[in-house]
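Numbers for residues simply follow the sequence, beginning at 1. Note that ligands are numbered from 1 as they come in the structure, with each ligand's atoms numbered from 1 the same way. The shown structure was predicted, so the numbers you read here are calculated from the model rather than taken from an experiment.
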Amino acid sequence: MKIFIDTGEINEIRELASWGILDGVTTNPSLAAKSGKPFRQLLDEILAIVDGPISAEVTALKADEMVKEGETYAKIHKNIVIKVPLIIEGLKALKILTEKGYKTNCTLCFSPSQALLAAKAGATYISPFVGRLDDISTDGMQLIRDIRQIYDNYGIKTQILTASARSPMHFVEAAKIGSDVITAPYSVLKQLVQHPLTDLGLAKFLSDWEKAKK
Ligand code: G3P
């Protein structure tokens with residue numbers, strides 16, 4: 001499973017990249033706004049750190065405008081993936097962008113039917129938001145299972161990018177189901193490494209080593 005970081009914070013991206021486990025980056029308008037940087041500058045800074053897919057989301061709501069906006073991002077670098085919302089105009093834009101040879105990420109997916117339509121329109125990635133479904137007392141990970149089954153039934157190549165991941169269990173479940181990618185905030189990715197028994201075990205090893213040296 002590929003691991004993307006979901007953030008607009010350059011320090012977090014730099015830190016994760018230094019771990020050697022980072023495959024790509026997702027951003028969205030909320031995260032980009034939170035960074036406080038002009039979007040073009042933010043993309044340039046991310047591109048200088050990560051050599052992998054970097055999702056840049058369009059804010060236009062009409063297909064032709066989404067295409068135009070998406071192309072301005074995609075022309076910056078080959079690693080830019082054009083992120084498009086899962087609405088009817090978004091489907092139209094996906095089709096056009098795919099025919100033009102661009103990579104796309106269809107975002108704000110909350111149902112298996114939406115995921116199937118996005119794949120038919122040619123999306124490179126589909127981003128189902130598991131945490132936001134959990135927020136409304138719906139099983140977010142069941143959506144990943146359903147999409148995996150549907151895509152496998154038809155040999156669909158669109159990659160499942162589990163998004164809105166909020167916990168290490170989202171990560172583990174996504175991997176068990178066979179999600180192609182997960183994107184998560186820095187706080188969640190850091191939790192994946194930590195285990196109290198690792199810390200206790202290391203402290204014991206080091207104290208035994210110090211005693212033996214005396
Ligand atoms: O980038 C899309 C998604 O990951 C947002 O997550 O936590 O705002 O629902 P969240």
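- Nearest heavy atoms, P168 versus V188: N-CG1, 4.2 Å.
- Using a 4.0 Å cut-off between charged side-chain N and carboxylate O, E9 and K34 make no salt bridge.
- Using modelled atom types and a 3.5 Å distance limit, the side chains of Q142 and D146 yield a donor-acceptor pair.
- Looking only at protein heavy atoms, the nearest one to atom 2 (C) of ligand 1 is F129 CZ, 3.2 Å.
- Note on E65 versus K68: no salt bridge recorded, every NZ/NE/NH1/NH2 to OD/OE distance being 4.0 Å or above.
- Closest protein heavy atom to atom 4 (O) of ligand 1: D6 OD2, 2.6 Å.
- Classification of E15 and K190 as a salt-bridged pair fails, no side-chain N sitting under 4.0 Å from a carboxylate O.
- Taking distance alone, with nitrogen or oxygen atoms compared against 3.5 Å, R166 approaches ligand 1 more closely than that limit.
- In this structure, K83 counts as a contact residue of ligand 1, since one of its heavy atoms falls inside 4.0 Å of the ligand.
- Taking distance alone, with nitrogen or oxygen atoms compared against 3.5 Å, S164 approaches ligand 1 more closely than that limit.
- For a threshold of 3.5 Å applied to N or O pairs, the pair formed by R132 and ligand 1 contains at least one separation below that value.
- Of the polar atoms of N28, at least one N or O is found under 3.5 Å from an N or O of ligand 1, judged by distance alone.
- A salt bridge is defined here as a Lys NZ or Arg NE, NH1 or NH2 lying under 4.0 Å from an Asp or Glu carboxylate O, and D208 with K211 meets this definition.
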